[in-house]
Amino acid sequence: MQIASWNVNSIKTRRDQVKDWLEEHAPDVLLMQELKGLEFPSETFRGLGYESIAVTQKAYNGVAILSRSPIKVVSKSLAGLEVDSHARFLEVIIKDVRIVNIYLPNGNPIGTEKFEYKLDWMDRLRGQMKRWLASEIPTIVGGDFNVIPEDIDCHKPASWIKDALFQPEPRERYRGFLDMGYVDAFRALHPDEKGQFTFWDYFRQAFEHNRGIRIDHFLLSPKLVGRLQSCEIDKDPRGLPKPSDHTPIVLTLD
DNA sequence: ATGTCGCCTCATAGGCGA
């Protein structure tokens, strides 16, 4: 079973790139983030053999899951808030695996309510992750975490020191997920590899110089770790004309 | 501070979010 995740930074703008990528790689499941609009081209993906579920809002955020196998929707919002107006969460079950697609808040700039919202969102996610561990169903939490877990996950720590993605509080919370028993699939298989990133800024030719960060992740519940075969970053789409600022990460399970 | 995208609107320029 192959599951990919890609922050597409507008599905309207990136639709053809996603279509081309699906035709070339044919994953069983694709998680997408930052759809950035109400419209979702489900017919395009149906034509490629994928059914889809999208959680959208105007202009911002938005997540979707494509799958070749039937999708059972469990929840379209993260528990813990009466009204969470952000489209950032989608929990489904596909082939007896719980698959959770997240677009975790960016949190910039630090010292604002946006940063507090990010920390609160992570605390709410932690609560859900704890509950999922107690269930029979194995769980994958994937997507854009907007967290640089360790120094090795960025080109130069000094240039991220004031960024919300690199602050101690979100990083501690991310480590908390691992302490709970979840496994960072990419890092588990590539423990010491430097320069492995999933995002590069549009400006200053960051991609050309490989000045990036690793913020798109797959976390596996303990039940799934034995099935982990590979987890790779596909840099190619980031090199295309008019790319997303993120590139896909691809997980393969037995 | 800046760079560059993509969205939106009291819209063809500027603000917001990333």
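Note on naming: letters A, B, ... go to the chains in the order of the sequence lines (proteins, then strands), and numbering restarts at 1 for each one.
- Taking 4.0 Å as the cut-off between side-chain N and carboxylate O, A:R214 and A:D153 count as a salt-bridged pair.
- Residue contacts for A:R14: at a heavy-atom cut-off of 4.0 Å it reaches the sugar-phosphate backbone alone, with no base atom in range.
- Nearest heavy-atom pair, A:R98 versus A:E91, reported as atom, atom and distance to 0.1 Å: NH1-OE2, 2.9 Å.
- Projected onto DNA chain B by closest heavy-atom contact, A:K12 and A:E34 fall at different nucleotides, the more 5' of which corresponds to A:K12.
- Taking the six-membered ring where the residue is Trp, A:F145 and A:Y174 present perpendicular rings, their angle passing 60° and hence far from 30°.
- Going from atom CG of A:D201 over to atom P of B:dA1 covers 17 Å, rounded to whole Å.
- A:S244 has no side-chain polar atom (N or O) that falls below the 4.0 Å cut-off from OP1 or OP2 of B:dG6.
- If you measure from atom CD of A:Q57 to atom P of B:dG6, you get 19 Å, rounded to the nearest angstrom.
- Counting any heavy atom pair closer than 4.0 Å across all strands shown, A:R88 reaches sugar-phosphate atoms only and no base atom.
- Other residues, nucleotides and ligands place no more than 12 heavy atoms under 6.0 Å from the CD atom of A:E39.
- The aromatic rings of A:F199 and A:W160 stand perpendicular to each other, their planes meeting at an angle above 60°, with 30° marking the opposite boundary.
- As a whole-Å value, the separation of A:H209 NE2 from B:dG3 P is 17 Å.
- Look at the P atom in both B:dG14 and B:dG3: the space between them is 14 Å, to the nearest Å.
- Residue A:Y202 has its side chain nearest to B:dT4 when only B:dG17, B:dA18, B:dT4 are considered.
- If you measure from atom CG of A:L35 to atom P of B:dC5, you get 21 Å, rounded to the nearest angstrom.
- Rounded to the nearest Å, the gap between the C1' atom of B:dA11 and that of B:dC16 is 15 Å.
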_Pair A:H86, A:Y117 - check ring-ring contact (aromatic ring centres under 6.0 Å, His included), show working._
CA-CA 11 Å; A:H86 296 206; A:Y117 178 69; 4.7 Å; yes
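- Here the nucleotide nearest the side chain of A:N106, chosen from B:dC7, B:dG6, B:dA18, is B:dA18.
- A:F40 places its CZ atom 15 Å from the P atom of B:dC7, with the value rounded to the nearest Å.
- One cannot find a donor-acceptor pair under 3.5 Å joining the base of B:dT4 and the side-chain atoms of A:R204.
- Under 4.0 angstrom from either OP1 or OP2 of B:dC5 there lies no side-chain N or O belonging to A:K36.
- Ranked by how close their nearest DNA chain B nucleotide is to the 5' end, A:G37 and A:N108 are led by A:G37.
- Across the protein-nucleic acid pair, A:N146 atom CG and B:dA18 atom P stand 8 Å apart, rounded to whole Å.
- Classified by interplanar angle (parallel below 30°, tilted 30° to 60°, perpendicular above 60°), the ring pair A:W200/A:F207 is perpendicular.
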Protein N or O to nucleotides 9-11 of chain B N or O, pairs below 3.5 Å:
unit_1: B:dT9; atom_1: OP1; unit_2: A:K58; atom_2: NZ; d: 3.3

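- A:R15 has no carboxylate O lying under 4.0 Å from a charged side-chain N of A:D20, or vice versa, which leaves the two without a salt bridge.
- Residue A:D245 contributes atom CG, which lies 14 Å from atom P of B:dT4 at whole-angstrom precision.
- Computed from coordinates, the A:K242 NZ to B:dT4 P distance equals 14 Å when rounded to whole Å.
- Taking atom P in both B:dG15 and B:dC10, one finds a spacing of 14 Å when rounded to whole Å.
- Closest to the side chain of A:K114, from the set B:dG6, B:dC7, B:dA18, is B:dA18.
- Across all strands shown, A:F207 has no heavy atoms under 4.0 Å from either base or sugar-phosphate atoms.
- Spacing between B:dT12 and B:dC7 at atom C1', rounded to whole Å, works out to 16 Å.
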